[in-house]
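What follows is a set of notes on a single structure, which appears directly below.
Note that the structure is predicted; figures quoted are calculated from it, not measured. Chain identifiers are assigned alphabetically (A, B, ...) following the order of the sequence lines, protein sequences preceding nucleic acid strands; residue numbering begins at 1 within each chain.
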Amino acid sequence: MAYKITRKNMKNDITEKVEEISGQNVFDCYQCGNCSSGCPVVDYMDIAPHQVIRLAQLGATEEILNCETIWICSACLQCSTRCPKGIDVAKVMEAFRAINLRKRIAPLNPDEIDEKDLKELPPIALVGAFRKLTG
Amino acid sequence: MNLPYYPGCTLKSNAKNFEESALKIMETLGYPLQEMKNWVCCGTVFSMTSDDLMLQLGAVRNLLRAEEQNLNELIILCSMCYNTLKRAKQFITEDEENLNKVNDLMYKENIRYKGTVDIHHLLSILRDRVTFDAIKEKVKKPLASLKIGGYYGCFLVRPKKFAIDDFEDPSIIEDLLTSLGADSIEFPYRLECCGAYQTVTKKDVTAKRTYEIINSARRAGCEAIVTSCPLCAFNLDQGQKETAKEFVEFEQMPVYYFTELMSIALGCGWDKNWTKLHYVNPEPLLKEKSLI
């Protein structure tokens, strides 16, 4: 998708909200890629974690809000503990999830979980998924 | 004196074997656990949003209940409960404004939450209070020749601040297994996420995580792995069913809670009912080593 970088869209409402929710400054990132190389689920992501941070720096927030990555991230904190600049990358992911969830944009509809799964899955899995993937 | 403990939801259902074995071993070691009263779900996953304090209430209410019951510490068995309670406590108490807001949200409670309850994982209690040397002396049936890998997953070691050991190179589980007489093996994927709650929506993700973690353990020479998290246990044990469907050459490996193996080593035995809570039959390996 073509994207025009301007001063205005580099710092938009969403980037400010992400900063507020996460308490992180994405401009600290110098793109070393440590977060993406350590991420255990990166091969299921459409945008790698360091690319999410880069897009956030450029204000391309719509791309991030609509990507798979933010929902695949399970907040294991591997990236956050390894970032040499001290950015809590998992918090940035959580902020993008939260912005979607607060608008009721959610990847999981509890009604669609099938009967068999409901019986088999432990409470720890269901509650975790509801808290992270439903609005 | 009894140690107050918080079980969490899954220890009362899918992970009864974890709770029962923990109660047995702590009794045997002379540090009996006593369940706190009126606990609720901790929320499972810590909310990392700084502006929504409602999401911390599950965890905070448990800590408030503990304060009401005049407990000054809580022992946690489940890694995720440990992590959520610990992080919620820090997030709320490090900022006076947050503390006040949370208390205002819980205005119907009889007391105000202060943050006086210390939170410990059972593994740290075993290392620091019971000590591994004392455990070693009480071993009746050494887990000799059992090649076991300790799987930490995420929440015993991350975030760094709440790691129960070194966050990149921990040894607490290995040291415990060694004191039980087992041949403990460090395997490369022991700190890697199992996919956690993705097991609800994206089974392919957790199936691959299980494939990679179990194979990593096998390549390092493990015959089984131990964990302290019921979600890791679910993904790595029950998850092997899905993994076997996706990867035809996949070979099963039993997954135990560390307390189950402690129960055998300390002479409290193996409860037949625990077997039903496992997917991969946990008994053949134990029988092969003459442990049960």
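For a residue to count as touching a neighbouring chain, one of its non-hydrogen atoms must lie under 4.5 Å from one of that chain's; by this rule A:I124 touches chain B with backbone and side chain alike. Only the side chain of A:E68 comes within contact range of chain B, with heavy atoms under 4.5 Å apart. In this structure, chain A has a heavy atom under 4.5 Å from the backbone of B:L191, while its side chain stays farther away. With a 4.5 Å cut-off on non-hydrogen atoms, B:D204 touches chain A through its backbone and its side chain both. With a threshold of 4.5 angstrom between heavy atoms, B:E168 approaches chain A through side-chain atoms but not through N, CA, C or O. With a threshold of 4.5 angstrom between heavy atoms, B:K241 approaches chain A through side-chain atoms but not through N, CA, C or O. In this structure, the portion of B:S13 lying under 4.5 Å from any heavy atom of chain A is its side chain and not its backbone. Looking at A:L133, the atoms closer than 4.5 Å to chain B (heavy atoms on both sides) all sit in the side chain, from C-beta outward. In this structure, chain B has no heavy atom under 4.5 Å from any part of A:S80. For B:F155, the part sitting under 4.5 Å from any heavy atom of chain A is the side chain, from C-beta outward, and nothing else. Neither the backbone nor the side chain of B:K12 comes within less than 4.5 Å of any heavy atom in chain A. In this structure, chain A has a heavy atom under 4.5 Å from the side chain of B:K202, while its backbone stays farther away. Contacts between A:E120 and chain B at a heavy-atom distance below 4.5 Å involve backbone atoms as well as side-chain atoms. When heavy atoms are compared at a cutoff of 4.5 Å, B:T199 approaches chain A by way of both its backbone and its side chain.
With respect to chain A, the highest number of heavy-atom pairs below 4.5 Å among B:L55, B:N83, B:V200, B:D52 belongs to B:V200. Of the listed residues B:R209, B:K203, B:E192, the one with more heavy-atom pairs under 4.5 angstrom with chain A than any other is B:R209. Ranked by heavy-atom pairs shorter than 4.5 Å toward chain A, the options B:C154, B:P159, B:S50 are led by B:S50. In terms of heavy-atom pairs under 4.5 angstrom with chain A, the leader among B:A196, B:C229, B:G195, B:G43 is B:G43. Put simply, of A:P122, A:C39, A:A90, the one with the most heavy-atom pairs under 4.5 Å next to chain B is A:P122. Note on A:P40, A:A125, A:A95: by heavy-atom pairs under 4.5 Å with chain B, the leading option is A:P40.
B:C232 and B:T227 make their closest contact through CB-OG1, 3.6 Å (heavy atoms, listed as atom of the first residue, atom of the second, distance). When every heavy atom of B:N98 is checked against every heavy atom of B:I92, the shortest pair comes out as CB-O, 3.8 Å.
No side-chain donor-acceptor contact under 3.5 Å links B:E19 and B:Y257. No hydrogens or angles considered: nothing links the side chains of A:R54 and A:Q51 as a donor-acceptor pair under 3.5 Å.
For the atom pair OH (A:Y44) and SG (A:C73), the distance works out to 16.0 Å, reported to the nearest 0.5 Å. Here the SG atom belonging to B:C42 is positioned 5.0 Å from the CG atom belonging to B:L85, to the nearest 0.5 angstrom. Here CD1 of B:I164 is found 4.5 Å from CG of B:L156. Values are rounded to the nearest 0.5 Å. Residue A:F96 holds its CZ atom at 15.5 Å from NZ of A:K91, rounded to the nearest 0.5 Å. Atoms NZ and CD, from B:K101 and B:Q56 in turn, are 12.5 Å apart once rounded to the nearest 0.5 Å. With values rounded to the nearest 0.5 angstrom, A:R82 atom CZ is found 11.5 Å from A:C32 atom SG.
Using a 4.5 Å cut-off on side-chain heavy atoms (C-beta onward), A:I21 and A:R102 make contact. Contact annotation: the side chain of B:R158 approaches that of A:Q78 to within less than 4.5 Å [non-hydrogen atoms, C-beta and beyond].
A salt bridge links A:K132 to A:E94: at least one charged side-chain nitrogen sits closer than 4.0 Å to a carboxylate oxygen.
Residues from residues 75-82 of chain B that place a non-hydrogen atom less than 4.5 Å from a non-hydrogen atom of chain A comprise B:C78, B:M80, given in numerical order.
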Verify side-chain hydrogen bond (donor to acceptor under 3.5 Å, both in side chains) between B:T206 and B:N235, making sure each step is shown before the conclusion. CA-CA 7 Å; B:T206 43; B:N235 285 340; 4.7 Å; no

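Note: B:F250 and B:Y211 have tilted aromatic rings, judged against thresholds of 30 and 60 degrees for the angle between ring planes.
Every residue two or more places apart in sequence or in another chain was checked for a ring pair (Phe, Tyr, Trp, His ring centres under 6.0 Å) with A:F27, and none qualifies.
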